[in-house]
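Owing to the predicted nature of the structure, the values given are computational and were not obtained by experimental measurement. This chain uses plain numbering: 1 for the first residue, then up along the sequence.
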Amino acid sequence: MSLNADQTVEALRAAGEPTRLRILSLLASEELSVMEMSRILDQSQPRVSRHLKLMTDSGLIERFPDGARVYYRLSHDPHARRLIDTVLDILADDAGEADHRRLSEVQKDRQQAAESYFEQIAPQWDRLRSLYVSESAVEAALERAVGPGPFKRVVDLGTGSGRMLTLFGKKAKMSVGLDLSQNMLNIARANVSKAGLSKVELRHGDIFATRLPAGSADLVIVHQVLHYLADPSAAVAEAARVVCPGGRLVIVDFAPHDFEHMREAHQHRRLGFADAEITGWLVDNGLAPSAPIALPPDNEGLTVTIWTAERRAAPAAAQGRKSA
């Protein structure tokens, strides 16, 4: 349903202030916390929070808590997004350049901290991953969710130590693993070689821009990656793009939790994901989700969830008409 006249006026009024226009422009790039926006805008957090509340109340942006932090993103409502796009399109081309330079600095700081962390902990990566739920339990559930195969092409985004490749590579004609950490890739190469897998390609690559052909894999895995990312929905979109008709995307990550120390100690940006959030992203990208699988911890700790979704194959009759 479209915005009525009163809603449109309220939304325009909420956007019609210089700082709020700057905030909309920033959130068009990625979701951000109040602390990050305060740094970029060079304004106090209470002042930024007041602007954010007005825009949230008007439906222009969405507020979502994540542990002790709160993040904001542009509204997913298509009518609100169309209004935002129109407002941003009429701004001068150089409007907000300084803000986006400071946003780039924030992103660079995040990336450097993450790269440093992954290079340091790469040798202990598999041990750290199994601190909360037994890795054998996760992998057994994964194998049940994925099915017996065989697979034409498996793609593992954020492959880390290559464990997913060694787990599913023997069921695949060919596998590809991408990671930004060269140290992780070196460990993955050693593990893949030790497992006797020859048809595995390991690449230094970005999960947001994989450069893999659309619809080129019948199994895409994103294992314990999303909680490190500033824009997890964009990563899900890129992963979904690679899934072929009849293929499957599998996401493994934490359910929502309040272990705040994971941010500083392990560079986690998000403290888990709700089923509705992940499922919404899957549906938005043309996939049909299955029921999530929740794996509670053996003791006090974090719950791991497995989300799977399929890209439905076109009906045979439709395929025949297309080729005719």
Within-4.5 Å side-chain heavy-atom neighbours: V176 and T159: no

Sidechain-backbone polar pair: N191 side chain, S161 backbone, donor-acceptor under 3.5 Å: yes

Exceeds 12 heavy-atom contacts within 6.0 angstrom, atom CZ of R189: yes

R102/E105 ion pair, N-O < 4.0 Å: no

Heavy-atom donor-acceptor pair, H204 side chain to L180 backbone, under 3.5 Å: yes

Expected output: side-chain S58 to main-chain M55 donor-acceptor under 3.5 Å: yes

Worked verdict on V225 versus L157 for side chain to side chain contact (heavy atoms under 4.5 Å, CB included): CA-CA 8 Å; V225 174; L157 301 179; over 6 Å; no

Shortest non-hydrogen contact from A235 toward L226: CB-CD2, 4.0 Å

Donor-acceptor under 3.5 Å (R63 side chain, K53 main chain): no

pair I207-E238: side-chain heavy atoms closer than 4.5 Å: no

Side chains of residues 280-293: which donor-acceptor partners sit under 3.5 Å, not counting sequence neighbours?
unit_1 : atom_1 : unit_2 : atom_2 : d
N285   : ND2    : W281   : O      : 2.8

Polar side-chain atom of R263 near backbone of R269 as donor-acceptor pair, under 3.5 Å: yes

Test item: I221 and L142 side chains (from C-beta on) under 4.5 Å apart, heavy atoms: no

Shortest non-hydrogen contact between M37 and I23, atoms and distance: SD-CG2, 3.9 Å

ring-ring contact (aromatic ring centres under 6.0 Å, His included) partners of residues 33-71, not counting sequence neighbours, each pair once: F64-Y71

Heavy-atom donor-acceptor pair, R311 side chain to L249 backbone, under 3.5 Å: no

ring-ring contact (aromatic ring centres under 6.0 Å, His included): pairs with one or both residues in residues 173-202, sequence neighbours excluded: none

M262 vs L302 side-chain heavy atoms within contact, under 4.5 Å: yes

Whether S38 side chain and V34 backbone form a donor-acceptor pair below 3.5 Å: no

Nearest heavy-atom neighbours spanning A15 and L24: CB-CD1, 3.9 Å

Interatomic distance, I306 atom CD1 to E139 atom CD [nearest 0.5 angstrom]: 10.0 Å

Residues forming a salt bridge (charged side-chain N to carboxylate O under 4.0 Å, His left out) with R73, sequence neighbours excluded: E31, E62, E277

Validation row: K171, E143 side chains within 4.5 angstrom (heavy atoms): yes

Separation between CG of L21 and CG of L88, rounded to the nearest 0.5 Å: 7.5 Å

From CA spacing to verdict: side chain to side chain contact (heavy atoms under 4.5 Å, CB included), L12, L83: CA-CA 8 Å; L12 288 170; L83 187 149; 4.0 Å; yes

Test salt bridge (charged side-chain N to carboxylate O under 4.0 Å, His left out) applied to R248 - qualifying residues, sequence neighbours left out: none

Side-chain heavy atoms of T210 within contact of R203, under 4.5 Å: no

Modelled atom types, side-chain donor and acceptor of T166 and R163, under 3.5 Å: yes

Point-to-point distance, once rounded to the nearest 0.5 Å, from CZ of R47 to CG of L41: 9.5 Å

Side-chain donor/acceptor of T86 to backbone N/O of R82, under 3.5 Å: yes

Side-chain donor/acceptor of E17 to backbone N/O of T19, under 3.5 Å: yes

Minimal non-hydrogen separation, R270 against L229, with atom names: CG-O, 4.4 Å

Smallest separation among heavy atoms of K170 and A195, with atom names: CE-O, 3.6 Å

Donor-acceptor pair, side chain of D218 and main chain of F151, under 3.5 angstrom: no

Listed partners of P213 passing side chain to side chain contact (heavy atoms under 4.5 Å, CB included), at least two apart: R153, S216

Taking every non-hydrogen atom, the tightest pair across Y72 and I61: CD2-CD1, 3.7 Å

Interatomic distance, T279 atom OG1 to F273 atom CZ [nearest 0.5 angstrom]: 12.5 Å

Derivation and outcome, side chain to side chain contact (heavy atoms under 4.5 Å, CB included), residues L103 and L32: CA-CA 10 Å; L103 173 60; L32 293 165; 3.9 Å; yes

Beyond-backbone contact of F259 with L271, side-chain heavy atoms, under 4.5 angstrom: no

Side-chain touch F254/V304, heavy atoms, less than 4.5 angstrom: yes

